[in-house]
Trainee: 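This structure is in C-alpha cells; I'll ask about it shortly.
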Amino acid sequence: MENTYTPSRISGAFLILAFYSFAGILASIVYSGYVAIVIGIVVIALALGTKYPDAKRDRTIVFSLAATSVLLGVGAITLGAVARTLTQIIQAG
C-alpha cells in the first residue's frame, strides 16, 4: 500500500509574519498602541507585497493576526484617550 498521507509543511514566511503579528499584539497590551499599529501595517504590507505565504489558509491567519494587532493598537490608543479625558473631568470637578 502506498502512503497517501503527505505532511503539510509550514513555510518560513508564515512563521516570521505570524511571529511579528504576535509581537504587535503583545506590544498593544504591554507597551504602546502606536507600535502595534505600525507592526500590523508592516506585516500586512509584507504579506501583500511578497505574496508569501503561499497557502490561502496561512495568508488568512497572517492577515487576521495583523488586523488584530492594528485593532488592539487602535483600542489601546482610544482607551488611553478616554482615561485621560475622564481624569481631566474628575480633576476639574
Side-chain angles (χ1 to χ4, degrees):
M1 284 181 65
E2 288 184 31
N3 186 4
T4 58
Y5 174 74
T6 57
S8 63
R9 294 176 18 160
I10 297 175
S11 70
F14 171 71
L15 291 176
I16 292 170
L17 292 175
F19 172 76
Y20 280 121
S21 296
F22 279 123
I25 291 170
L26 287 176
S28 71
I29 295 170
V30 176
Y31 185 64
S32 170
Y34 296 108
V35 173
I37 292 170
V38 168
I39 290 173
I41 290 172
V42 167
V43 168
I44 290 171
L46 283 173
L48 288 174
T50 60
K51 303 290 185 196
Y52 286 110
D54 291 332
K56 186 175 182 179
R57 177 184 59 92
D58 292 346
R59 289 180 64 80
T60 303
I61 292 171
V62 166
F63 284 126
S64 298
L65 288 173
T68 302
S69 174
V70 170
L71 291 176
L72 283 174
V74 170
I77 293 168
T78 304
L79 184 62
V82 168
R84 185 178 305 139
T85 303
L86 288 176
T87 303
Q88 289 175 352
I89 290 172
I90 290 172
Q91 288 178 351

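Numbers for residues simply follow the sequence, beginning at 1. When reading the values below, keep in mind they use all heavy atoms of this one structure, side chains included, and skip hydrogens, waters and symmetry mates.
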Trainee: Identify the two heavy atoms, one from A67 and one from I44, that lie closest to each other, and give their separation to 0.1 Å.
Mentor: N-CD1, 4.5 Å
Trainee: Taking the side chain as C-beta and beyond, is there a heavy-atom pair between V43 and L65 under 4.5 Å?
Mentor: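 Side chain of V43 against side chain of L65, heavy atoms only: no contact under 4.5 Å found.
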Trainee: So for atom CZ, which belongs to F14, do other residues, nucleotides or ligands contribute more than 12 heavy atoms lying within a distance under 6.0 Å?
Mentor: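 It does: F14 CZ has more than 12 such atoms within range.
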Trainee: Tell me the closest heavy-atom pair linking A76 and S28, and the distance in Å.
Mentor: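 Scanning both residues completely, I find the closest heavy atoms to be CB-O, 3.9 Å.
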Trainee: Linking I/L/V/M/F/W/Y whenever their side-chain heavy atoms sit closer than 4.5 Å, directly or via other members, would Y20 and Y34 fall into one cluster?
Mentor: no
Trainee: On a heavy-atom basis, which atom in I25 and which in S69 lie closest, and how many Å separate them?
Mentor: N-OG, 3.8 Å
Trainee: If you group Ile, Leu, Val, Met, Phe, Trp and Tyr by side-chain heavy-atom gaps below 4.5 Å, do L71 and Y31 land in one group?
Mentor: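 In one cluster: no.
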Trainee: Work out which heavy atom in K51 is nearest to a heavy atom in R59; give both atom names and the distance.
Mentor: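 Taking K51 first and R59 second, the nearest heavy atoms are C-NH1, 3.3 Å.
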Trainee: Within the structure provided, determine whether L48 and F63 are in side-chain contact (heavy-atom separation under 4.5 Å).
Mentor: yes
Trainee: Decide side-chain contact (heavy atoms from CB on, under 4.5 Å) for L46 and I16; before the verdict, give the C-alpha distance in whole Å, the side-chain angles of both, and the deciding distance to 0.1 Å.
Mentor: CA-CA 11 Å; L46 283 173; I16 292 170; over 6 Å; no
Trainee: Using a 4.5 Å cut-off on heavy atoms from C-beta on, say whether the side chain of S21 contacts that of T68.
Mentor: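 Counting from C-beta outward, T68 and S21 never come under 4.5 Å.
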Trainee: With a 4.5 Å cut-off on side-chain heavy-atom distances among I, L, V, M, F, W and Y, is there a chain of contacts connecting L79 to I29?
Mentor: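 In one cluster with L79: I29, no.
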Trainee: Following the transitive rule for hydrophobic clusters with a side-chain heavy-atom cut-off under 4.5 Å over Ile, Leu, Val, Met, Phe, Trp and Tyr, establish whether F22 and V38 coincide in one cluster.
Mentor: yes
Trainee: Can you name the closest pair of heavy atoms from V62 and A18 and give their distance?
Mentor: CG2-N, 4.5 Å
Trainee: Quick check for you: to the nearest 0.5 Å, what is the distance between L72 atom CG and I77 atom CD1?
Mentor: 11.0 Å
Trainee: Can you hop from I37 to V42 via hydrophobic side chains spaced under 4.5 Å?
Mentor: no
